[in-house]
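Data first, discussion second: the structure below is written as structure tokens.
Just so you know, these numbers use all the heavy atoms, side chains as well, and skip hydrogens, waters and symmetry mates.
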Amino acid sequence: MAKLVPESHPALHTISEEITAEEFSDGTVKKILKGLREAIKTYDVEGYSAVAIAAPQIGVAKRMFLIEDQNSDRENALPTIIAINPHITKYSKKTNEVGEGCLSVVDTYGVVTRHQNVTLEALDENGKLFTRGAGGLLAQIIQHECDHLDGTLFVDRAERTWQKGEEPLY
């Protein structure tokens, strides 16, 4: 079973490699996706559930992430997105300061500036190219996960951070 790696793991601090055509056909993509789904389901901290995970978070330095909202009570559930070799092709000029946390940075939260809207281009789990626009929370998640693939954690971008139990510094 795939597990989240600690914040110090090298995969979280390196630029991930593109997934090759061979890795689609030899089962590597399916194996990584299975690992991402296993690991995302294990995260449950005081009632908070995960919404997304990138391959480096399970120790695999490959360009792949999964958005799969684990909160079944959410009124506006996020769509499930499997993004392989993703690229953000457009960023809105408008940005927002948003609060973030991360499965890989335990008990730390922060304020990060993110673009309000983005356009994502990626391959799905079958190797088919897709383009998807996103705004608000979904755009924030896509930017956060793409950062993982470039070896950047949200704390590297955060303007302010605080620990669990401290007053948020908005």
Side-chain angles (χ1 to χ4, degrees), residues 1-74 77-88 98-110 112 114 118 120-130 132 134 137-158 161 163-164:
M1 176 178 215
K3 294 188 178 176
L4 292 167
V5 297
E7 184 180 348
S8 61
H9 194 283
L12 292 170
H13 303 281
T14 60
I15 296 174
S16 296
E17 296 176 5
E18 294 250 326
I19 288 181
T20 64
E22 182 181 326
E23 289 170 315
F24 278 97
S25 59
D26 72 7
T28 299
V29 168
K30 286 187 185 347
K31 183 178 177 187
I32 295 170
L33 182 57
K34 181 179 184 222
L36 292 173
R37 285 201 159 115
E38 287 173 354
I40 198 172
K41 286 177 172 48
T42 66
Y43 183 82
D44 183 18
V45 176
E46 295 180 8
Y48 289 99
S49 54
V51 294
I53 188 170
Q57 293 179 276
I58 59 169
V60 179
K62 290 290 187 174
R63 299 191 75 77
M64 179 175 180
F65 69 78
L66 167 69
I67 298 174
E68 194 166 75
D69 196 342
Q70 301 302 299
N71 185 349
S72 58
D73 297 337
R74 189 184 306 273
L78 295 163
T80 295
I81 298 173
I82 298 160
I84 299 168
N85 299 339
H87 297 281
I88 297 175
V98 291
E100 287 193 10
C102 181
L103 307 179
S104 299
V105 186
V106 180
D107 295 336
T108 301
Y109 304 93
V112 180
R114 298 285 188 193
V118 297
L120 175 71
E121 189 173 276
L123 301 174
D124 67 13
E125 70 270 30
N126 300 310
K128 184 176 182 223
L129 183 67
F130 71 91
R132 159 122 203 185
L137 178 59
L138 186 57
Q140 177 185 353
I141 292 167
I142 289 169
Q143 291 168 83
H144 178 109
E145 299 309 321
C146 283
D147 275 354
H148 273 301
L149 306 181
D150 290 332
T152 302
L153 297 174
F154 87 94
V155 291
D156 300 328
R157 290 193 183 276
T161 62
Q163 296 300 303
K164 178 180 160 190

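Checked by atom type, the side-chain pair E23/T20 shows a donor-acceptor distance below 3.5 Å. T28 and D26 share a side-chain donor-acceptor pair at under 3.5 Å.
Put simply, CD1 on I40 and CG on L103 are 6.5 Å apart, with the number rounded to the nearest 0.5 Å. A distance of 4.5 Å separates CD1 in I82 from CG in L33, rounded to the nearest 0.5 Å. Note that CD1 of I53 and CG of L4 are 5.0 Å apart. Values are rounded to the nearest 0.5 Å. Atom-to-atom distance recorded for K62:NZ and N85:CG is 8.5 Å, nearest 0.5 angstrom. One finds the NE2 atom of H13 at 13.5 Å from the CG atom of D150 (value rounded to the nearest 0.5 Å). The structure places CG of L123 at 10.5 Å from CE of M64, a figure rounded to the nearest 0.5 Å.
Atom CD of Q163 has more than 12 heavy atoms from other residues, nucleotides or ligands within 6.0 Å. The neighbour count for K31 NZ, taken as heavy atoms of other residues, nucleotides or ligands under 6.0 Å away, does not exceed 12. For CD of E17, the number of neighbouring non-hydrogen atoms (other residues, nucleotides, ligands) closer than 6.0 Å is 12 at most.
Across all non-hydrogen atoms, the minimal contact from L12 to P6 is CD1-O, 3.4 Å. Taking all atoms of both residues into account, the shortest heavy-atom contact from A134 to A139 is O-CB, 3.5 Å. Across all non-hydrogen atoms, the minimal contact from A77 to D69 is CA-OD2, 3.8 Å. Residues A54 and L149 approach most closely at CB-CD2, 4.1 Å, considering heavy atoms. F154 approaches Y109 most closely through the heavy-atom pair CE1-C, 3.8 Å. The two atoms that bring I58 and A39 nearest to each other are CG2-CB, 3.5 Å, heavy atoms only.
Between R114 and D147 there is a salt bridge, with a side-chain nitrogen of the basic residue lying less than 4.0 Å from a carboxylate oxygen of the acidic one. Ion pair E100/R157 not flagged as a salt bridge, since none of the NZ, NE, NH1 or NH2 atoms sits closer than 4.0 Å to an Asp/Glu carboxylate oxygen.
Exactly one residue among Q57, H9, H148 makes a side-chain hydrogen bond (donor to acceptor under 3.5 Å, both in side chains) with S104. That residue is Q57.
A 4.5 Å side-chain heavy-atom check between V60 and L36 finds every atom pair outside the cut-off. Between I84 and E18, every side-chain heavy-atom pair lies at or beyond the 4.5 Å cut-off. Looking at heavy atoms from C-beta onward, V51 lies out of side-chain contact with L137 at the 4.5 angstrom threshold. Using a 4.5 Å heavy-atom threshold, the side chains of F65 and I141 count as separate.
Side chain of Q70 to backbone of T42: no donor-acceptor contact under 3.5 angstrom is found. Using a distance-only test at 3.5 Å, with no hydrogens or angles considered, no donor-acceptor pair links the side chain of N126 to the main chain of K128. A donor-acceptor contact shorter than 3.5 Å is absent between the side chain of R132 and the backbone of L120.
For E7, the side chain to side chain contact (heavy atoms under 4.5 Å, CB included) partners are V105, L153, V155, not counting sequence neighbours.
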Where do R63 and I15 land on the side chain to side chain contact (heavy atoms under 4.5 Å, CB included) test, with the steps shown first? CA-CA 9 Å; R63 299 191 75 77; I15 296 174; 3.9 Å; yes
